[in-house]
Structures are given as C-alpha cells and as structure tokens.
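Here's the structure, in structure tokens; my notes come after.
Basis for what follows: all heavy atoms, side chains included, without hydrogens, waters or symmetry-related copies. Chain letters run A, B, ... following the sequence lines, proteins first, then strands; residues in each count from 1.
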Protein chains: 2
Amino acid sequence: MRPQFSDMLQESQGQILSDKKQHILNAAIELFAEKGFEGSSIRDLAARADVNVAMVNYYFGSKEKLFETIVEHRATFMRGKLDEIEADTTLTEIGKIDAIIENYVAKILSQPSFHRILYQELLKQEREALHENIIRIFVQNTHTLRNIIEKGIRKKVFRKVDPELTMATLIGTINQVMLSKSLCVMLVEPKDDFDPYTDDTFQKRVIKHLKQVMHSYLLEEGNR
Amino acid sequence: MRPQFSDMLQESQGQILSDKKQHILNAAIELFAEKGFEGSSIRDLAARADVNVAMVNYYFGSKEKLFETIVEHRATFMRGKLDEIEADTTLTEIGKIDAIIENYVAKILSQPSFHRILYQELLKQEREALHENIIRIFVQNTHTLRNIIEKGIRKKVFRKVDPELTMATLIGTINQVMLSKSLCVMLVEPKDDFDPYTDDTFQKRVIKHLKQVMHSYLLEEGNR
DNA sequence: AAATTTTAATCAAACGTTTGTTTAATTCAA
DNA sequence: TTGAATTAAACAAACGTTTGATTAAAATTT
C-alpha cells in the first residue's frame, strides 16, 4: 500500500512524510527520550508504534539513520527566530533578550522529548558527526546572543558581563527544569497529575524568573 | 592472587576497594560518561581497563550493579557540605550563597565524567529506583538552598525571588558548561588542547560569573 | 620447616539471548 | 498485472553472563 498522502504532516523543514512514517518517527522520539538511543530496540519501537519490525528499516534504512533523521530534522530550532529577533530594529537590547527568553522557553517546553534526545546526545562523545552538528548550532546561537549583549554593552545599557556564561545561564536554567519531569514536579508542585511542561502557569513562571534574573544581571542601575 | 592491600584507595563513604576493583571502577566511570550505560559493553570496559571480561562480573556481580555502585557511591556529593554551610553562623546569607557556588563549581568541575553519568541518568526514565535516588538528593539540596534564600528574604537582604527556579539557575549554569567539553572549549577558548575543567582560570571565571548573577538577582538594591 | 589444603584471582571458552538487519513470500490497492 | 506495502522467519553479530580449569598466595596441618 502506498503512503496515504491524504493526511500529511508538514515538517519544520518543509519535508513531507507519509502517515505511517511520521507515526513511527513520533513513537521513536518518545522512546529515545525515555530510554536513550542504545537503550531502545527496534522491536520495542515497533511494538510501541504497532508496526512490523521490518517497517522501521523499510522506511528509514537503519536505526542510526532514523536517529539522524530525528535530530537533524529539527535541530535547527530557534536559528531563524534568533536571527529575526537580533535584526528587529523596533526592539531595544533588553527587549531582544526578553523576546529570546519567551521564544526559547515556549519552544523547548513544547517539545520536551525531542529536547531530551538532543541533550542525551550532547552528553555523550560518540556519533561524532551528529555531536558536532548539534554543537555547531549551539555555537551559532551563542554568537547571536553575544552580538546582542555586546551591542548592549557598547550602548552602555548593559553592564560588562561575560557573554558566553550569560548564555549558559539562560539556556542552563531552562535545561535544568527540563532535565527530569519528576524532579520538576517535586520541586514546584506537590500534585501527582501536574504536568509542568503543558501547564501555562508554569511556563509563565519560568519566563518571569528568567527575565528577572537577566534584567537584574544585565541592566545598569539606571536602566532597571 | 589476592588483592594487594598494601596500596589501597579510600573512598568517599569510607569503603575500601582493592586496587583492581577501583581500577575497573575508574575505567567504567570514564566509559559510561563517554558512551552511556547501554552504549558501553563489558568487553569494551574490560579492554579499556586491560582485564579479563569475567573480572567485571566477578567483582561487581553484574553490569547493572556496577552502575549502581558508581552512582550511589558518590551521589551524596555536596550533601554534608551544604548542611555545613547552612548551619554556619559566621556567614551572612549572601556569604552562604557564595560558599555554595565555590564548593559546587569546584566539586563538579573536578569530576566531569561522573557528573555526566548522573545527568544522562536523570534525562532517562528507566531504572526507576536509581532515578528516584538521584532525584531525592536533588530535592534535599534544593530544600537546603530554599531555606537559605527564604531566611534572606525574611531578613530583607534578599528580594522576593522564586527559590526553586533560583536553584535551577545556579545548578543549570554549571551543568550547561559541563554538557559538552567540546562545546565548552569552542565557546570560551579557541585553543584545541585547552581543558576547561582542569583549568584554574576557567573555574574562577565560572565562579565569578555565578556570583555576579546571584548577587545582582538576590540582593536588594541597598545591599549590593 | 615442609607438606598439604584452602582460598581468591584469573582466564579462555562457551552459554543462551537479544540485537539490527535482511530475505522471501504474501497482500492489496491502483 | 504491477509494484509498493507488509509480514513472519531467519541471519550473523554482539551482548551480559557463567563455566571449569589454572594459578599462586595464604592458611592449616603434619
């Protein structure tokens, strides 16, 4: 049977996948996020997606290629948005920082599984090509933020801060929240059925905290 | 041949391991940090430690138990020190924050491999018992920091901040730096042979940044 | 002190599973 | 009737683990 093109899903880079292929991909993202790449077997994945084991290799060629598809497909996240924010002349420097925080938090909280996969990969040192691809994106993003911060410093609205470590604080705070859902739940809400990543109040709380941290750290006394 | 008890290594919890067992353990920490638990095979480990494959099971019982030994052996890190700092009456609240930063950065930068293993485990959702053990320690540490921050707020030397997310910012910044050595090198130093984790200048830079962030965020205007 | 037994350490080989992948047959819509 | 989709079965390789033999130091007995 040919893929059902009647019900397609548009991907972030414009590619088009059949129902079934996309279905397997979604199941793989969840599984890899839970158990890691090596911890997930193709039989696990096939059972979860309710397809025959051979279908994974049929659609993606190999387990490794499936993984690369997942990572490279969406790893360019934030790139376009970051450039857009940096180039926006209607925003002040601190306004750009705020915009980055809002977009970054929303983006990451909306894809917790994919984000987990990315960071599991960053923590390891194998699959060198993939590893370096992810790093390259991080470095690009850091440079964009660096530009914004340095412009703010030149305009004397920002203090003379450490740009790279400021980026580390910004992303690191969000990552820390994303590390473990159960940790997150335990820290911020004693209820069991509470899902911080889909809860709007929690998202606003993270954004508010990050803005306050960045404002008090970045802004000169007079501009605060 | 029996273990050579003439040359022993004292462990953090007072346990004593033979030369060879400790040697395997050290190799395992490195290997797991690089490739993850499932990504590392016992044969890999045996080859790296230059011992027979059977010796791993002989000393540790199983691959899983070896892993638990690694994690539970040292996962209590910072616990005693944190309590000590909290109870220290000679320190002001911001002085306690500074002490935590100094200790935390030094501790983590001195054991990057072990730290990577911990976070790889936190990112996954399997091996539930181990996962929850790690989380419990995190929660305890967060409560200690929470106490310090809340005391500072009551004394009106701290602003009314979000205690849990402040902890996330503190730890998250360090974690972000620890995520990938190659990322870290690329961001902060263009030299290839530079090792940020053993470099004293870099450690001081991280400490300085974190203190500045925390001071400007926590302290009321008058106390800054 | 010598001889014997016991014990822990070490090893190559083999065990049974599980792994990712491929094959070859079959189904089924166009 | 054609060709993509789907399947159960089979594949070799890698996996964690166990085995049984061998070593040599320590403990015990003579």
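For the residue pair A/T173/A/H209, the side-chain donor-acceptor check at 3.5 Å is not satisfied. Side-chain contact annotation: A/N26 with A/E30, donor-acceptor N/O pair under 3.5 Å absent.
Near-neighbour residues of DNA chain D inside residues 42-54 of chain B, defined by a heavy atom below 4.0 Å, number-ordered: B/I42, B/R43, B/A54.
Partners of A/E132 by side chain to side chain donor-acceptor pair (under 3.5 Å), not counting sequence neighbours: none found.
The aromatic rings of A/F67 and A/F37 sit tilted, their planes meeting at an angle between 30° and 60°.
For the pair A/Q176 and B/L165, the minimum side-chain heavy-atom distance is 4.5 Å or more.
Of the side-chain N and O atoms in B/Y58, none sit less than 4.0 angstrom from OP1 or OP2 of D/dT18. Contact between the side-chain N/O atoms of B/K63 and the OP1/OP2 oxygens of D/dC15 is not found at any separation under 4.0 Å.
What separates CZ of A/F67 from P of C/dG20 is a distance of 13 Å, to the nearest Å. Rounded to an integer number of Å, the gap from CG of A/L66 to C1' of C/dT21 is 14 Å. With rounding to whole Å, B/N57 atom CG is found 14 Å from C/dT10 atom P. Atom CD1 in A/I24 sits about 14 Å away from atom P in C/dG20, given to the nearest Å. Straight-line distance from the CG atom of B/D19 to the C1' atom of C/dA8: 15 Å, rounded to whole Å. Remark: P of C/dT18 and NZ of A/K35 are 13 Å apart, rounded to the nearest angstrom. Between the P atom of D/dT17 and the CZ atom of B/F60 lies a distance of 13 Å, rounded to the nearest Å.
Using modelled atom types, no side-chain atom of A/K81 and backbone atom of A/Y104 make a donor-acceptor pair closer than 3.5 Å. The closest donor-acceptor contact from the side chain of A/R116 to the backbone of A/F32 lies at 3.5 Å or more, if one exists at all.
Take the nearest nucleotide of DNA chain D for B/G61 and for B/G39: the residue whose nucleotide is more 5' is B/G39.
Relative to the side chain of B/S41, the nucleotides C/dT21, D/dT6, D/dC15 differ in distance, and D/dC15 lies closest. With D/dT6, D/dT18, C/dT10 as the choices, the nucleotide that has an atom nearest any side-chain atom of B/K20 turns out to be C/dT10.
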